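Just so you know, ligand 1 is whichever comes first in the structure, and atom 1 is the first atom listed for that ligand. The chain is numbered in sequence order, starting from 1. Heavy-atom basis, side chains included; hydrogens, waters and symmetry copies ignored. Values in this document were obtained by computation on a predicted structure and should not be read as measured data.
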Amino acid sequence: MLIVLRIYLSNQFSIEEHLNEILTSLKIYQYKIIKRSIDARNKAKIIIEYRLLLNEKDGINILNLDEGKKKNLLIQSIKSIEKIDYSYEEYNFNDVLFIKNKIKRREREVKKEKEERAVKVEEVDKLNRINYQNLQKSKNRPVIVGFGPAGIFATFAFLENNISPIIIEMGEKVEDRSKTIENYIKTKKFNKHSNINFGEGGAGTYSDGKLYTRSRDEVNAKIYSTFCNFGAPSTILYDAYPHIGSDNLIKVVSNIRNYFEEEGVEFYFNTKLIDIEENFEKSHEGRWRLKFLNFGQSKIKDLKSVYNLKNYKIKIDENVKYESEDEKNIFEINSDIVLIASGHSCKDIYKVLYKLGAKLEPKPFALGFRVEHPRVLIDKNQYGKFHRFLPSANYKLLFKGKTSNIYSFCMCPGGVVLPSNSEEEEIVTNGASKYLRDGQNSNAAIVCSISNQQAKQFIEEFNNNFLIRLKSFAPIKKSLSFEVGLVSKNLIKLNLDSNQISIEIENNISENQNNFIKAMKESIGKINCFDWEINLITQQIFEKLAFLFGEKNFSAPFENISDFFMKNTKDDERIDDGFYYDEKNNPKIPTTYPFGLYKAKLLKLFPLNIEDDFKAAFKYFDKIINGYIEHGIAVGYETRTSSVIKVLRNSEGEVLEGIYMIGEGSGYCGGITTSAVDGYKIASILAKKL
Ligand SMILES: Cc1cc2nc3c(=O)[nH]c(=O)nc-3n(C[C@H](O)[C@H](O)[C@H](O)COP(=O)(O)OP(=O)(O)OC[C@H]3O[C@@H](n4cnc5c(N)ncnc54)[C@H](O)[C@@H]3O)c2cc1C
């Protein structure tokens with residue numbers, strides 16, 4: 001029987017203990033939580049709502065509770081839900097919770113209880129795992145490029161169909177990747193192949209591990225239970241806003257890889273897909289020739305084992321010129337089936353696909369910054385005086401502006417702001433938290449939606465208004481130059497000469513191939529680019545300027561949110577006479593961004609109408625969360641909330657015959673859960689055809 005139980009938050013028990021107290025007093029010892037959510041609309045009477053699966057007898061027992069007992073147990077309401085499509089008996093009770101009749105009443109113990117909830121992932125229950133047998137290893141073995149959520153769940157789908165794929169991953173194994181990231185934070189030594197974006201586990205490995213998605217796909221539950229079987233906390237099975245936490249994610253990814261290896265999946269780490277060519281050699285099987293660059297740490301010799309397989313040919317190029325000493329090998333695999341699961345940050349992949357004739361489109365995207373607030377401010381606002389008894393609070397904000405929607409994204413309660421760049425010379429912010437979410441600050445991205453048309457306008461006004469905006473953004477201390485574009489290359493120079501600032505843009509086409517030049521669209525402003533490159537260029541301008549103005553030391557531009565409203569000229573118009581910051585203006589709260597901050601006027605890089613929308617949005621947000629303006633800082637820029645490019649694919653995920661694009665990089669999905677679902681579904685359909 002499915003029961004909806006709503007209980008008032010108690011100031012004596014933690015939320016787990018309170019449920020235990022109620023059920024034990026009713027002698028209900030076996031139950032399953034299907035869903036848990038917090039209703040904090042009335043902060044004086046916060047309610048925890050559970051959907052519980054009980055057996056018939058216990059269900060009737062609880063429904064018949066008398067009013068007096070309900071009151072004593074702080075129960076607001078109990079009702080049953082009639083229509084459910086599974087019964088108590090059928091349900092898999094592997095993770096049924098057995099109640100411990102142990103009630104701790106003091107706040108000190110509540111804290112301890114919270115710590116215990118941080119699941120120890122070392123001991124992973126292997127019972128729920130399937131052992132795949134008779135794997136088909138020698139025919140039509142698919143190659144998966146990228147081992148993030150999409151690549152991981154595509155692998156599960158292939159294994160379920162007795163097919164063992166080959167996995168190529170540019171970054172390091174998650175254990176080594178963690179050390180590399182730690183080193184980056186300590187020394188600013190950036191590894192362009194293995195970092196917060198790239199490496200085993202994908203972009204979200206060092207994240208909050210939020211799994212919430214608005215999509216109600218039936219595969220979502222499978223994704224959650226699979227994560228759980230490999231060490232994620234069981235709360236993700238029922239919390240309304242489930243999260244795994246970066247501390248757990250690292251171990252979960254490692255457990256999944258170990259399991260796949262046991263099942264015969266072949267991994268090549270530190271290996272980047274650099275090109276795909278059509279294979280015209282009749283003697284070679286496999287439609288596509290995939291070219292990989294290995295950075296020397298994988299055992300390239302192992303690849304020779306693949307020689308024995310039908311459809312795969314490997315050529316190790318002894319004469320290749322390496323980019324650096326570390327890059328030891330370029331090799332090729334010929335294959336008919338390639339699944340590209342490379343995420344949205346490896347831009348070279350788009351270039352390769354474009355060259356092969358795939359159709360690329362610009363996709364509306366979002367631009368903004370991370371805001372940080374003291375965690376306790378957010379918690380008190382959301383939960384009132386009971387915040388100490390509840391997990392760190394979340395929020396979701398939306399303001400419909402005149403030009404653009406301004407909204408919060410990827411909120412990380414008790415989390416940190418991370419340098420999430422994927423290239424050497426750029427600043428990109430993102431957020432992460434541990435499972436307990438107990439850090440000093442809570443952060444979220446606040447972004448504006450940018451339509452394809454708006455991205456075009458950004459580029460169009462680059463030469464005139466943009467210079468004014470730039471001078472207002474931060475002091476220009478020296479001449480700067482940087483390149484934007486992917487297929488088309490645009491060199492942007494900011495010349496500082498006798499206090500005169502001018503912008504020069506030189507277009508040069510890096511690919512000296514006729515079809516590229518022929519296909520070049522008319523120039524937009526002075527920047528030449530393809531339609532699908534426009535968004536990428538807008539994104540790059542924000543990322544590179546933030547880096548260059550920070551003296552190239554990875555410090556990020558910041559502004560106190562209250563300073564968004566500082567009036568400089570009579571009508572708070574944007575200024576064209578230089579930068580006007582008060583030097584004493586320090587961040588109002590200590591940031592968690594590791595490389596330090598420099599002062600800037602963050603809104604000035606946006607067109608005026610969007611700047612106005614941001615300001616109006618913050619005034620509105622401040623009404624919802626008291627102190628949001630006064631106690632918040634903004635750190636720039638958040639540019640990678642989703643893919644800015646869509647690679648057109650057919651209903652089965654194919655972008656070119658035999659080449660499939662799965663996960664976030666395709667532009668069809670975004671976030672951990674939907675990327676995992678996408679990879680799983682596309683590989684499942686494909687596997688049945690092999
Ligand atoms: C710091 C941070 C925090 C985030 N927090 C959350 C969150 O809490 N919740 C959420 O839902 N989403 C979050 N995201 C977004 C989420 O991580 C992505 O949406 C998701 O990982 C996309 O999955 P994917 O498998 O499509 O691609 P990715 O996870 O990006 O994986 C792509 C993989 O391909 C590899 N690769 C790339 N190019 C090549 C190549 N040429 N050759 C070989 N390998 C290659 C990369 O190294 C990477 O491992 C966060 C992202 C970041 C960066």
Side-chain angles (χ1 to χ4, degrees), residues 143-155 167-174 177 181 191-213 215 223 241-246 249 253 267-276 290-295 338-353 370 394 409-413 415-422 428-433 437 443-445 638-643 661-680 682:
V143 176
I144 299 179
V145 179
F147 198 60
I152 289 174
F153 280 88
T155 307
I167 292 171
I168 306 281
E169 169 52 58
M170 169 159 69
E172 295 164 294
K173 280 189 180 180
V174 74
R177 183 183 173 197
I181 292 172
N191 179 334
K192 66 180 176 176
H193 303 119
S194 199
N195 47 55
I196 287 167
N197 270 286
F198 298 145
E200 189 187 23
T205 310
Y206 303 89
S207 77
D208 178 58
K210 272 178 288 300
L211 301 180
Y212 177 78
T213 162
S215 113
I223 305 295
Y241 293 94
H243 77 284
I244 302 183
S246 55
L249 266 163
V253 169
F267 281 91
Y268 297 97
F269 290 104
N270 310 303
T271 302
K272 178 179 179 180
L273 174 72
I274 50 170
D275 202 4
I276 304 178
L290 312 176
K291 217 168 188 185
F292 297 103
L293 179 64
N294 174 270
F295 309 116
V338 190
L339 284 87
I340 299 180
S342 53
H344 62 38
S345 283
C346 183
K347 293 164 192 131
D348 307 347
I349 295 277
Y350 295 114
K351 198 163 146 181
V352 171
L353 290 173
R370 278 266 142 187
N394 214 326
F409 181 82
C410 186
M411 203 262 156
C412 296
V416 293
V417 180
L418 287 178
S420 185
N421 51 313
S422 53
V428 180
T429 57
N430 213 312
S433 17
R437 292 175 159 175
N443 70 65
E638 187 96 2
T639 50
R640 310 259 182 105
T641 61
S642 62
S643 176
M661 186 89 186
I662 56 173
E664 189 156 36
S666 67
Y668 284 80
C669 55
I672 295 171
T673 303
T674 51
S675 302
V677 169
D678 192 59
Y680 181 80
I682 286 175

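- Ionic pairing of Arg370 and Glu638 is present here: one or more N-O contacts between side-chain nitrogen and carboxylate oxygen are shorter than 4.0 angstrom.
- The side-chain hydrogen bond (donor to acceptor under 3.5 Å, both in side chains) check on Asn421 picks up Tyr184, with sequence neighbours excluded.
- The closest side-chain heavy-atom distance from Ile181 to Ile196 is below 4.5 Å.
- Using a 30° and 60° split on the angle between ring planes, Phe147 and Phe267 fall in the perpendicular class, above 60°.
- Residues forming a ring pair (Phe, Tyr, Trp, His ring centres under 6.0 Å) with His344 (at least two apart in sequence, or on another chain): none.
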Pairs under 3.5 angstrom, nitrogen or oxygen on both sides, ligand 1 versus protein: list them out, please.
from, atom 1, to, atom 2, distance (Å)
ligand 1, 8 (O), Gly209, N, 3.3
ligand 1, 8 (O), Lys210, N, 3.0
ligand 1, 8 (O), Lys210, NZ, 3.4
ligand 1, 9 (N), Lys210, O, 2.9
ligand 1, 11 (O), Lys210, O, 3.2
ligand 1, 11 (O), Ile672, N, 2.7
ligand 1, 17 (O), Gly204, N, 2.8
ligand 1, 19 (O), Glu664, OE1, 2.5
ligand 1, 19 (O), Glu664, OE2, 3.4
ligand 1, 19 (O), Gly671, N, 2.8
ligand 1, 25 (O), Pro149, N, 3.2
ligand 1, 25 (O), Ala150, N, 2.9
ligand 1, 26 (O), Glu664, N, 2.8
ligand 1, 29 (O), Ala203, N, 2.8
ligand 1, 34 (O), Ala341, O, 3.4
ligand 1, 41 (N), Leu273, O, 3.2
ligand 1, 42 (N), Leu273, N, 2.9
ligand 1, 44 (N), Met170, N, 3.1
ligand 1, 47 (O), Glu169, OE2, 2.5
ligand 1, 47 (O), Gly199, N, 2.9
ligand 1, 49 (O), Glu169, OE1, 2.7
ligand 1, 49 (O), Glu169, OE2, 3.2
ligand 1, 49 (O), Gly199, O, 2.7

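- Shown here are the side-chain hydrogen bond (donor to acceptor under 3.5 Å, both in side chains) partners of Arg177, two or more places apart in sequence or in another chain: Thr205.
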